[in-house]
There are 2 protein chains.
Amino acid sequence: MRLGNVDVPRDTCQLVGNILGHLGDKWSVLIIVLLRERPMRYSELERQIETVSKKMLTTTLRHLERDGFISRAVTPTIPPRVDYQLSELGREVMEPLDVLARWALRNSDRIVEARSRYDSDHEP
Amino acid sequence: MRLGNVDVPRDTCQLVGNILGHLGDKWSVLIIVLLRERPMRYSELERQIETVSKKMLTTTLRHLERDGFISRAVTPTIPPRVDYQLSELGREVMEPLDVLARWALRNSDRIVEARSRYDSDHEP
DNA sequence: CTGTATCCTCAGTGATACTG
DNA sequence: CAGTATCACTGAGGATACAG
């Protein structure tokens with residue numbers, strides 16, 4: 001893999017793909033974007049996202065925690081309380097993520113056009 | 001969804017997610033990166049990627065073409081020849097993609113560390 | 001050579017009920 | 001409240017054979 005003039009070794013390349021993969025999964029980016037606003041509790045994330053199941057919310061949060069993008073703070077009261085927030089690493093990854101999201105935003109029209117052009121060209 | 005100070009409307013937000021989704025799928029980024037080097041034929045992409053099935057290679061190429069990131073040029077010889085290359089839009093998306101990939105590259109160590117820390121904390 | 005068609009598997013995802 | 005356990009389903013993805 002090459003990035004600009006840099007030749008990227010295979011192992012590192014896989015890691016990059018792996019990270020991009022995680023960020024590309026169904027809920028990660030959304031969670032990161034929400035947590036950038038402010039720390040949130042489990043139930044609050046659940047309410048904000050609405051369409052996510054407990055299972056996937058938990059799974060995604062665990063992945064993000066494992067990769068060091070978010071931190072998880074348990075307050076062992078009864079009932080328990082768990083707060084999630086972006087870690088330093090998580091805040092830092094927001095920058096390149098923003099660049100990409102903003103690009104997508106700026107160019108969404110061109111993509112929509114490309115799609116309808118493609119679709120009308122390939123219709124029966 | 002919010003990006004920085006900008007409030008993003010729901011429709012557009014979905015599109016962004018949709019685009020990020022595509023870029024996040026298993027082969028798209030890899031293909032884009034390969035095609036940035038130079039235009040390639042179908043078979044060349046197949047050989048370069050090695051582990052991709054014909055089905056997924058074709059599917060991914062179609063998606064990228066539909067979104068306007070690559071162009072497909074058929075030379076109707078026998079046997080046929082098909083060349084793929086980045087479109088203008090495709091070359092432009094490389095920039096934000098590079099930013100993200102470079103970030104991942106620069107910070108891969110921190111992520112690997114975070115992972116082993118998490119794993120050793122959670123494994124008994 | 002560049003695909004399409006078919007069949008198959010399995011990881012990702014969701015719904016629901018249950019627990020500390 | 002914040003999960004885990006369980007079951008079920010779907011679609012992504014792969015292997016292979018075949019076609020233009």
Side-chain angles (χ1 to χ4, degrees), chain A residues 14 17-32 34-35 38-67 70-85 118 121-124, chain B residues 14 17-32 34-35 38-67 70-85 118 121-124:
Chain A
Q14 282 189 1
N18 181 287
I19 294 167
L20 289 174
H22 272 203
L23 294 178
D25 75 11
K26 199 169 175 184
W27 305 108
S28 293
V29 170
L30 183 51
I31 290 176
I32 290 179
L34 286 173
L35 288 183
R38 56 191 162 78
M40 286 190 189
R41 300 177 59 169
Y42 182 90
S43 48
E44 200 172 357
L45 288 167
E46 204 174 8
R47 250 176 297 115
Q48 293 275 346
I49 308 188
E50 287 185 350
T51 55
V52 71
S53 66
K54 281 179 181 305
K55 183 182 173 185
M56 285 318 299
L57 180 55
T58 301
T59 304
T60 309
L61 287 168
R62 291 290 185 279
H63 283 159
L64 290 173
E65 190 195 357
R66 179 168 187 260
D67 282 355
I70 66 176
S71 64
R72 175 174 178 273
V74 182
T75 312
T77 47
I78 296 178
R81 167 190 184 119
V82 180
D83 291 274
Y84 293 92
Q85 60 178 317
Y118 180 95
D121 285 357
H122 293 74
E123 250 170 39
Chain B
Q14 283 189 2
N18 182 288
I19 294 167
L20 290 174
H22 273 200
L23 293 178
D25 76 11
K26 199 170 177 184
W27 305 109
S28 292
V29 171
L30 184 51
I31 291 177
I32 290 180
L34 286 172
L35 288 183
R38 55 189 162 80
M40 286 191 190
R41 301 179 56 171
Y42 183 90
S43 50
E44 199 173 358
L45 287 167
E46 204 175 8
R47 249 177 296 114
Q48 292 275 348
I49 307 188
E50 287 185 350
T51 53
V52 71
S53 66
K54 281 179 182 306
K55 182 184 174 184
M56 285 319 297
L57 181 55
T58 301
T59 304
T60 308
L61 287 168
R62 291 292 184 278
H63 282 159
L64 290 173
E65 189 196 356
R66 180 167 186 262
D67 283 356
I70 65 176
S71 64
R72 175 173 177 273
V74 182
T75 311
T77 48
I78 296 180
R81 166 190 184 121
V82 179
D83 292 275
Y84 292 92
Q85 61 177 317
Y118 181 95
D121 284 357
H122 292 77
E123 74 171 34

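Each chain gets a letter, A, B and so on, in the order the sequences are listed, and its residues count up from 1.
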Using the test side-chain contact (heavy atoms from CB on, under 4.5 Å), find all partners of B:Ser28 that sit at least two apart in sequence or belong to another chain.
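If we apply the side-chain contact (heavy atoms from CB on, under 4.5 Å) test to B:Ser28, skipping adjacent residues, the hits are B:Asp25, B:Thr60, B:Leu64.
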
Can you list the residues that meet the side-chain contact (heavy atoms from CB on, under 4.5 Å) rule with B:Val82, with sequence neighbours excluded?
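So B:Val82 forms a side-chain contact (heavy atoms from CB on, under 4.5 Å) with B:Arg72, B:Val74, B:Tyr84.
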
Of the listed nucleotides C:dG20, C:dC1, C:dG3, the one nearest the side chain of B:Ser43
C:dC1

For C:dT2, does OP1 or OP2 lie under 4.0 Å from any side-chain N or O of B:Arg81?
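Answer no for this pair, as no side-chain N or O of B:Arg81 is under 4.0 Å from OP1 or OP2.
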
Presence of B:Arg47 side-chain N/O under 4.0 Å of C:dT2 phosphate oxygens OP1/OP2:
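No.
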
Double-helix bend of the helix from C:dC1-D:dG20 to C:dG20-D:dC1, axes at both ends from 5 pairs, round to 10°, gives 50°

Give each protein N/O atom lying under 3.5 Å from an N/O atom of nucleotides 13-17 of chain C, with the pair distance.
unit_1, atom_1, unit_2, atom_2, d
C:dT13, O3', A:Lys26, NZ, 3.4
C:dT13, O4, A:Lys55, NZ, 2.8
C:dG14, OP1, A:Lys26, NZ, 2.9
C:dG14, OP2, A:Trp27, NE1, 3.4
C:dG14, O6, A:Lys55, NZ, 2.5

Just jot down the side chain to side chain donor-acceptor pair (under 3.5 Å) partners of [X], sequence neighbours excluded, or say none.
X: A:Arg47; result: none
X: B:Arg41; result: none
X: B:Thr58; result: B:Tyr42
X: B:Gln85; result: none

Using chain A heavy atoms and a threshold of under 4.0 Å, write down where along DNA chain D the contacts begin and end, 5' to 3'.
D:dC1 to D:dC7

Let me know the distance between [atom1] of [X] and [atom2] of [N], rounded to the nearest Å.
X: B:Leu45; N: C:dT2; atom1: CG; atom2: P; result: 9 Å
X: B:Met40; N: C:dT2; atom1: CE; atom2: C1'; result: 17 Å
X: B:Tyr84; N: C:dC1; atom1: OH; atom2: P; result: 14 Å

Side-chain contact test, heavy atoms from C-beta onward, threshold under 4.5 Å: evaluate it for [X] versus [Y] and give yes or no.
X: B:Ile49; Y: B:Ile31; result: yes
X: B:Met40; Y: B:Gln48; result: yes
X: A:Val52; Y: A:Leu30; result: no

Could you give all pairs that pass the salt bridge (Lys or Arg N to Asp or Glu O under 4.0 Å) test and reach residues 53-62 of chain A, with sequence neighbours left out?
A:Glu46-A:Lys54

Considering only heavy atoms, which members of residues 70-79 of chain A lie under 4.0 Å from some atom of DNA chain D?
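Close to the strand are A:Arg72, A:Pro79.
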
Nearest heavy-atom contact between B:Ile70 and B:Leu35 is CG2-CD1, 3.8 Å

To the closest 0.5 Å, what do you measure between CZ (A:Arg38) and CG (A:Asp83)?
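Atom-to-atom, A:Arg38:CZ and A:Asp83:CG are 11.0 Å apart.
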
